[in-house]
Amino acid sequence: MRTKVAIIGGGPSGLLLGQLLMKRGIDNVILERRTRAHVLGRIRAGVLEVGFVELMHQAGVSARMQREGFIHDGIEIAHGERMFRIDFQKLVRRPVVVYGQTEVTRDLYAARDEAGGETIHEAEDVAIHGADGDAPYVTFTKDGEKCRLDCEFIAGCDGFHGASRPTIPANLRREYEKAYPFGWMGVLSETPPANRELIYSCSEHGFALCSMRRENLSRYYVQCPLSDSPDDWPDDRFWDELKRRLPAPVAERLVTGPSIEKSIAPLRSFVSEPMQWGRLFLCGDASHIVPPTGAKGLNTAASDVHYLHSALGAWYDRGDEAELAGYSARALSRIWKAERFSWWMTNLLHRFPEQSGFDLKIQAAELDYLANSTAAQKALAENYVGLPY
Ligand code: APR
Ligand code: PHB
């Protein structure tokens, strides 16, 4: 088997890259370890930057997102009983679009099917060979049979636990990591959202977030100890705790109902440098992770895909190697800014076990500054809607 670009991983990064390359006539094959149903069963965040929306247009997969996505012109920040709005339109003249990552992935798979793109699901033991030479290839097992895919480039879009990043020799890689001493307990419920826009809440009982997917589908989170499991959080306990962490008027109007999905995610910041080794290029979670507080996971993956598809396009259209050579530095420069923003928002809004009286006063002062300073609000808005590519 032969293709131009072998894409490892059929999550949002791999699918979006595959679609953008197909639009430019650059053929590619996606190797995905799981079934499509498994990939589509994962519930993830759903806030899209304008840059991401633009890439979906370019990839020709934006029709349903335009119909069903919600345009949000701001977010609410609560601190105890106080709540203030960050008005994106007024501050930076751009909104975000709320549309679930699961739906993005579904739309990308549908478009790939329609375009006749090849996706090999349940590809096991994927291994990358010769990435540091000019004839790379990927081996894998499918239905018990050993297969080989020859290619010109490899895109490692296989997430944090994938095979791509460890292919880069350890002595050439540098990893930067920060783990946070808590997780997020998330619940999906078929109830109307608590608010028209997202509410990020910092309370003395810990962080909470009110988000949404559709008119009658809400997504809520509460900060919880890392040692908790979803079994520790029966629905009643979750709703009581969520209400305790929201300003009274919001808690009073919150409509509760049975949860249809429940999970706990740890919070972590992680970056592995460089994002390129020879003809292997990493995108998305394969190379970096952010805590979910700024909703940057999917959006950072998208900026990598933007730089990589543009660089591959320059190479195939004009034989121009400069963009490919500059990919890692270019992508990382934007990634680190999203890392900083996600780390900052996490610190701003969570309760940390070791927080001293002084730390709490500083946190309260920072929230008060944000509530009253247009300059501070503009900095948040500019980062939340997404820095330019
Ligand atoms: N071989 C083939 N496929 C693999 C392998 C492997 N060895 N390891 C992992 N995969 C697949 C996973 O099954 C998954 O479908 O790669 C895909 C990676 O997808 P994501 O983890 O979603 O990562 P990415 O596409 O970079 O998306 C980034 O989406 O998942 C969120 O939190 C993430 O929001 C971030 C964004
Ligand atoms: C979500 O809707 O799941 C969501 C929204 C915003 C975040 C994180 C998650 O910051």
Side-chain angles (χ1 to χ4, degrees), residues 6-18 29-48 52 70 72 75 77 96-105 108-109 119-128 138-142 149 154-167 184 186-188 193 197-200 207-214 217-221 261 263 265 267-268 270 282-305 308 338 341-342 345-346 349 384:
I7 299 176
I8 306 180
S13 300
L15 289 164
L16 184 58
L17 178 66
V29 172
I30 294 182
L31 302 175
E32 165 58 51
R33 185 169 57 176
R34 305 287 198 161
T35 62
R36 184 186 294 208
H38 180 97
V39 176
L40 290 174
R42 294 194 280 237
I43 313 268
R44 300 265 168 80
V47 177
L48 311 181
F52 185 96
F70 297 120
H72 281 200
I75 52 169
I77 303 224
V96 289
V97 173
V98 172
Y99 186 65
Q101 180 174 319
T102 313
E103 306 311 315
V104 167
T105 312
L108 285 164
Y109 267 123
T119 312
I120 301 174
H121 282 279
E122 297 174 273
E124 290 166 41
D125 310 322
V126 168
I128 295 168
V138 183
T139 55
F140 58 99
T141 309
K142 171 72 184 165
L149 175 62
I154 298 167
C157 303
D158 47 356
F160 184 70
H161 300 287
S164 300
R165 188 177 66 254
T167 301
W184 278 17
V187 155
L188 194 64
E197 294 175 341
L198 272 60
I199 303 175
Y200 289 83
F207 170 79
L209 169 62
C210 303
S211 183
M212 65 199 70
R213 291 290 175 273
R214 287 195 293 276
L217 190 59
S218 299
R219 181 76 168 152
Y220 296 104
Y221 299 92
E261 195 267 351
S263 51
L267 270 71
R268 179 193 343 236
F270 171 86
L282 304 181
C283 284
D285 279 21
S287 167
H288 43 76
I289 301 282
V290 285
T293 324
K296 291 288 171 236
L298 182 58
N299 292 301
T300 47
S303 63
D304 296 347
V305 166
L308 185 55
F341 176 66
S342 308
M345 251 188 106
T346 303
L349 297 168
Y384 196 96

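Both ligands and their constituent atoms are indexed starting at 1 by order of listing.
- Counting heavy atoms under 4.0 Å from ligand 2, residue Thr293 touches it through the backbone alone.
- A donor and an acceptor atom, one from each side chain of Glu261 and Ser263, are located under 3.5 Å apart.
- Side chains of Val29 and Ile7 form no contact here, defined as non-hydrogen atoms less than 4.5 Å apart.
- No part of Tyr99 comes within 4.0 Å of ligand 2, judged by heavy-atom distances.
- Residue Arg219 has at least one heavy-atom neighbour below 4.0 Å for each of these atoms of ligand 2: 3 (O).
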Please step through ring pair (Phe, Tyr, Trp, His ring centres under 6.0 Å) for the pair His72 and Tyr384, ending with a clear verdict. CA-CA 12 Å; His72 281 200; Tyr384 196 96; 9.8 Å; no

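- Inclusion of Ser13 in the set of residues having an N or O under 3.5 Å from an N or O of ligand 1 is warranted.
- Asp285 and His161 are not linked by any side-chain donor-acceptor pair at a separation below 3.5 angstrom, with hydrogens and angles left out of the test.
- With a heavy-atom cut-off of 4.0 Å, Leu31 touches ligand 1 through its backbone alone.
- Below 3.5 Å of separation, one finds no N or O of His161 facing any N or O of ligand 1.
- Distances shorter than 4.0 angstrom occur between a heavy atom of Cys157 and an atom of ligand 1.
- Of all atoms in ligand 2, listed by their number and element, those nearer than 4.0 Å to a heavy atom of Val47 are 5 (C), 6 (C).
- Cation-pi geometry between Arg268 and Phe160 is satisfied (NZ or CZ under 6.0 Å from the ring centre, within 45° of the ring normal).
- Here is the list of ligand 2 atoms found below 4.0 Å of a heavy atom in Leu198: 5 (C), 6 (C).
- If you number the atoms of ligand 2 from 1 as listed, the ones under 4.0 Å from a heavy atom of Ala295 come out as 6 (C), 7 (C), 10 (O).
- Looking at ligand 2, you'll find an N or O of Arg213 within less than 3.5 Å of one of its N or O atoms.
- Residue Val39 has no N or O atom closer than 3.5 Å to an N or O atom of ligand 1.
- Nearest non-hydrogen protein atom to atom 6 (C) of ligand 2 is Tyr200 OH, 3.3 Å.
- Ligand 1 has no N or O atom lying under 3.5 Å from any N or O atom of Ala286, backbone or side chain.
- By heavy-atom distance, the residue among Gly9, Pro12, Gly11 lying nearest atom 27 (O) of ligand 1 is Pro12.
- For ligand 1 and Gly162, the ligand atoms under 4.0 Å from any heavy atom of the residue are 8 (N).
- Distances from atom 15 (O) of ligand 1 to the heavy atoms of Arg44, Glu124, Arg42, His38 show the closest one on Arg42.
- Counting only non-hydrogen atoms, the option in Glu32, Arg34, Glu122 that gets closest to atom 12 (C) of ligand 1 is Glu32.
- Residue contacts with ligand 2 include Trp184, since one of its heavy atoms falls under 4.0 Å from the ligand.
- Residue Ala163 has at least one heavy-atom neighbour below 4.0 Å for each of these atoms of ligand 1: 7 (N).
- Looking at Ser218, Gly294, Pro292 and measuring to atom 8 (C) of ligand 2, the nearest heavy atom belongs to Pro292.
- Checking Gly100, Ser342, Ser211 against atom 2 (O) of ligand 2, the nearest heavy atom belongs to Ser211.
- Of the protein's non-hydrogen atoms, the one nearest atom 3 (O) of ligand 2 is Tyr221 OH, 2.6 Å.
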